[in-house]
Amino acid sequence: MVHTFDKKAFKKQIKENVKLLYRKEFEEANDQEVYQAVALAVKDEVIDNWLATQKTMEKKDPKTVYYMSMEFLMGRALGNNMLNLCCYDEISECLDELGFDINAIEDQEPDPALGNGGLGRLAACFMDSLSTLGYPAYGCGIRYRYGMFKQKIEDGYQKEVPDNWLKNGYPFEIKRPEYAHEVRFGGYVRTEQGEDGNLHFIHEGYSSVIAVPYDMPIVGYDNNMVNTLMIWDAEPKEVFRLDSFDKGEYDKAVEEENLARNLVEVLYPNDNHIYGKELRLKQQYFFVSASLQRILCRYKKHHDDIRKLYEKVTIQMNDTHPTLAVAELMRLLLDEEGLSWDQAWEVTTKTCAYTNHTIMSEALEKWPIEIFSRLLPRVYQIVEEINRRFEIEIRNRFPGDEGKVARMGIIRDGQVKMAHLAIAAGYSVNGVAKLHTEILKTQSLKDFYDMYPEKFNNKTNGITQRRFLLHGNRLLADWVTDHIGKEWITDLSQMKKLELYADDKKAQHEFMNIKYQNKLRLAEYIKEHNGIEVDPRSIFDVQVKRLHEYKRQLLNILHVMYLYNQIKEHPEKEFYPRTFIFGAKAAAGYKNAKLTIKLINNVAEVINNDKSIEGKIKVVFIEDYRVSNAEWIFAAADVSEQISTASKEASGTGNMKFMLNGALTIGTMDGANVEMVEEMGEENAFIFGMSAEEVIAHEKNRDYNPMDIFNNDQDIRKVLTQLVNGFYSGSDSELFRDLYNSLLNTQCTQYADTYFVLADFRSYAEAQQRVMEAYMDETGWAKKALLNVANVGKFSSDRTIQDYVDDIWHLDKITVNK
Ligand SMILES: *Cc1c(COP(=O)(O)O)cnc(C)c1O
C-alpha cells in the first residue's frame, strides 16, 4: 500500500462512503459521519489482506494459536490500522485537504474497552505482535454489549456510567452467523448403554443459547497479515412466537431469551479480584464452549484424525478465566467425537497451556460445587473424574503425603479450584515476569512445581511499540527513526543504537524539547477536561493504572500531603515544581479504592487553590483513564510511578510503556521493574522500599506493626492525622476514617496496613527527593531518559510472543502475498 496509495481515489471513496452511509453530500457530513466513512475505506483495504491471509492459511495449513481471554482491551482501531497499513500520513493529508483534522476524526471512535486493565491490554498487545510477526492466531473472547464503564468524577467521587460502545455501530467488526454454535446450561445427565457396549452420556432438560461470533481484523505491520479476533455474542435459540407455545414451552422460551440477553450484557469491572457470581461462570463457559466448537469445526474441515488436534491447534488460557476449556474439550472429545478417556486426555493435555497472572488469594478462582454442578452437570462429572485421577497421581508420586493431596486437589472444601485444574491439564504453566515465576515455583505453587517442574516457565510480559510509541508519540517516533532508521518498529532491540546519543548535547536537547511538546499537549487536555492550569515546565509525575490497594496510590497521595506540609513549614527550601497526575478506575464495589479517588480529588482541591505555595505542587485526577488517553499520558510523563508492594504486581506493563516514552521510573523491586532495572541500570531509575523477600517474611511472621512507625515519625503522624481531622474534608472529618483505619487499626482488616504503606513511606520520600535533585540537572536527566529508551528492547511484546512461540506454541511463520 505504501507505494500504491492513491490519494485522489481515496478522497473520492470517502465521499462515496458518506453518500452511501448517510445519503448526504460530503459537505454536510459531521466528524462522526466522516469517521465512519474513513473507517469503511480503511476496512476495505484491510479486507483484501484478511482474505489473502485466510487463503494462505488454507493452503499452508499451519499450526495456529488460539488465545483465550475474557478480556481484550483493544483501544481504538482506526489510527492503529492506518499505521500498520503504512498509510497514516497519506490519509491524514487527505483529510486535511478535505478540511478535517485526523485527531478529531480518530476521537470519534469509542475505545472498545472489553477489558479491565493490564491482563486485557496484554491480550491486545499479543494480538498485534502475532500479526506483525506473521504467526497464525485467533483471539477468542466475548463481545460485551457494555465494556468497561465510563468514569465520571462528580464532587470528587467516581461515578460509573454505562459504556454503550456499539451505539453508532462498530465499523471494524463483521458478524459471522454461519459459524454460530449452541451452548447449553443446566439440565441433567442421563446414561445409556450404547450398542457399542459403552456408556453414553445424554444431556437433557437444559436451556441453551446460540453463540454468534463477530470477527475483528488484527492488522500486522506492513506485512499483509491479518489475524482474527473472534468475540461471541449470544442470541436466543428461536424467535419468540407467542401463539405456538404451550405453557411449558413458553416458560422455557422466556428463560432462554433472558439468558441470551443477560449473558454478554456487561464486563465484570473487577481487576485482580474475583466475585463468584453465577453469571460470570456462565460467561466463561459460553465463550469457551463456542470457541472450542468453532476450533474443532475448523480443524475437521481439513483433518480426519481428531487425536492429532494438538499438531495444528494450541490453546493459551489467559489466567484461569478460560480454564473450563480443559473440561469442555474433554467433553467434546468424549461425547461428540467418541474418543476414550485416555485418548481425550492425551489430546487435551497436549493442547492447553496456562498463564498465571497473580498470586493474590482474592484473585484465585474457586467455584462452589453447588453452582458449578447445577450449571454445568456434564462438565462437572468430567472435572470430578479429572480430580479422581489427579489425586491418584499425587499419591503415587508422594506416597503418604495426604497434606499434599489436600492442598493440591481440584475439588476440595466444597469448591472447584480453577488454577489447580489448569495446572493439572495444561502442558505449560507460565508466570509473567522472572520474579513472579520464581515466587510461583518457590511459594504459591510450590507443590505443583515439585510435581511438574517441566511445565513451569517464565514469559516476561511486553507491550507493542507500534501503539505506544509510533501512534501515541509521533514526535519521538520520528526522532528515533531519524537517528537509527525505522527497524525499531518491528525490532525494538534496535533502540540500543540510541545509546550513542545519550551524552550528545544536541540529542538531549531535542529529546527534552519533544517531551515538552508532549507535555503541552497533555496540559491542554487537562485544561479542557479538568479546568486546571498546569505548568508544562514542572515535573510531570504520573501514576495511571487500575486503583487497587496493592498498587498503592495511597502511598503516592500521602506523600503529596507530606510534601505540602513540608512546603508550608519550610517555604524557603528549594523545591522544583511538580504536577502529580493520577488516572484510575476503581471497581464499583471496592470501597477503599473509591475513597482513595475521593481523597486524591480533595487533596487536589486544597493544594491547587492554595496561592501561598506559588504553584509548587499541582494535583490532577484525569477522568476515565483508558487506552486512548493513556497514549498521550505516557508520551508526556517525566516520572513513572510503579510503587506496588513488592511481590504483589506480577509484572505490570504500564511500567514498560513509560520507559518506552523516556519517563524515569520511581518504583519498588517488583514485577518487571526488576528486569527493567537490569536492562537500563539502577542509576537510571529511583528504586526504593522493601524487597519481595522481606514482604513475604513479614507476612509469614506477622511481625509488622505500623503503629510503631506512627508513634515514632511525626511527619507521618501529621499526615495521617490530617486524614481524620477534616483538613481535607471540611466539616465531615470522618470522611476518610476507613483509609486511616486500613493503615493503623487491626480490627478493621486482618492485619493493619496490609500493603506496607507506612513501612515504605520514608524510603519513598527519599527516592522522591532524589527524583527532584536529578531533574534539576537537565542534561543528566535527559541522559537517563535516553538510556531508558535505548534499553527498552526486551519489553516489546514481539519479544514476548517469540518466546511463547519458541518454548510453548511451536508455530511457523507464514508469509502473505497479495
Ligand atoms: C497498560 C495499561 C494498563 C496496565 O497498567 P499497569 O500499570 O501495568 O497496571 C491498564 N490500563 C490501561 C488503559 C493500559 O494501557
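Note that ligands are numbered from 1 as they come in the structure, with each ligand's atoms numbered from 1 the same way. Keep in mind the model is a prediction, meaning the values are calculated, not measured. What you see below is based on every heavy atom in this structure, not just the backbone, and it leaves out hydrogens, waters and symmetry mates.
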Do you see a donor-acceptor pair shorter than 3.5 Å between the side chains of [X] and [Y]?
X    : Y    : answer
Q642 : T665 : no
T320 : E365 : yes
Y268 : Q283 : no

A523: side-chain contact (heavy atoms from CB on, under 4.5 Å) partners, not counting sequence neighbours: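 With sequence neighbours excluded, A523 shows a side-chain contact (heavy atoms from CB on, under 4.5 Å) to V534, given in chain and number order.
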With sequence neighbours excluded, what pairs up with N164 under the side-chain contact (heavy atoms from CB on, under 4.5 Å) test?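 Checked N164 against side-chain contact (heavy atoms from CB on, under 4.5 Å); matches are Y146, K167.
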Using the test side-chain hydrogen bond (donor to acceptor under 3.5 Å, both in side chains), find all partners of Y88 that sit at least two apart in sequence or belong to another chain.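 With neighbours one apart ignored, the set is E106.
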Please tabulate, one line per pair, the protein N or O atoms found under 3.5 Å from any N or O atom of ligand 1, giving the distance to one decimal.
| residue | atom | partner | partner atom | Å |
| --- | --- | --- | --- | --- |
| ligand 1 | 7 (O) | K545 | NZ | 2.7 |
| ligand 1 | 8 (O) | T653 | N | 2.8 |
| ligand 1 | 8 (O) | G654 | N | 3.0 |
| ligand 1 | 9 (O) | K551 | NZ | 2.8 |
| ligand 1 | 15 (O) | K657 | NZ | 2.7 |

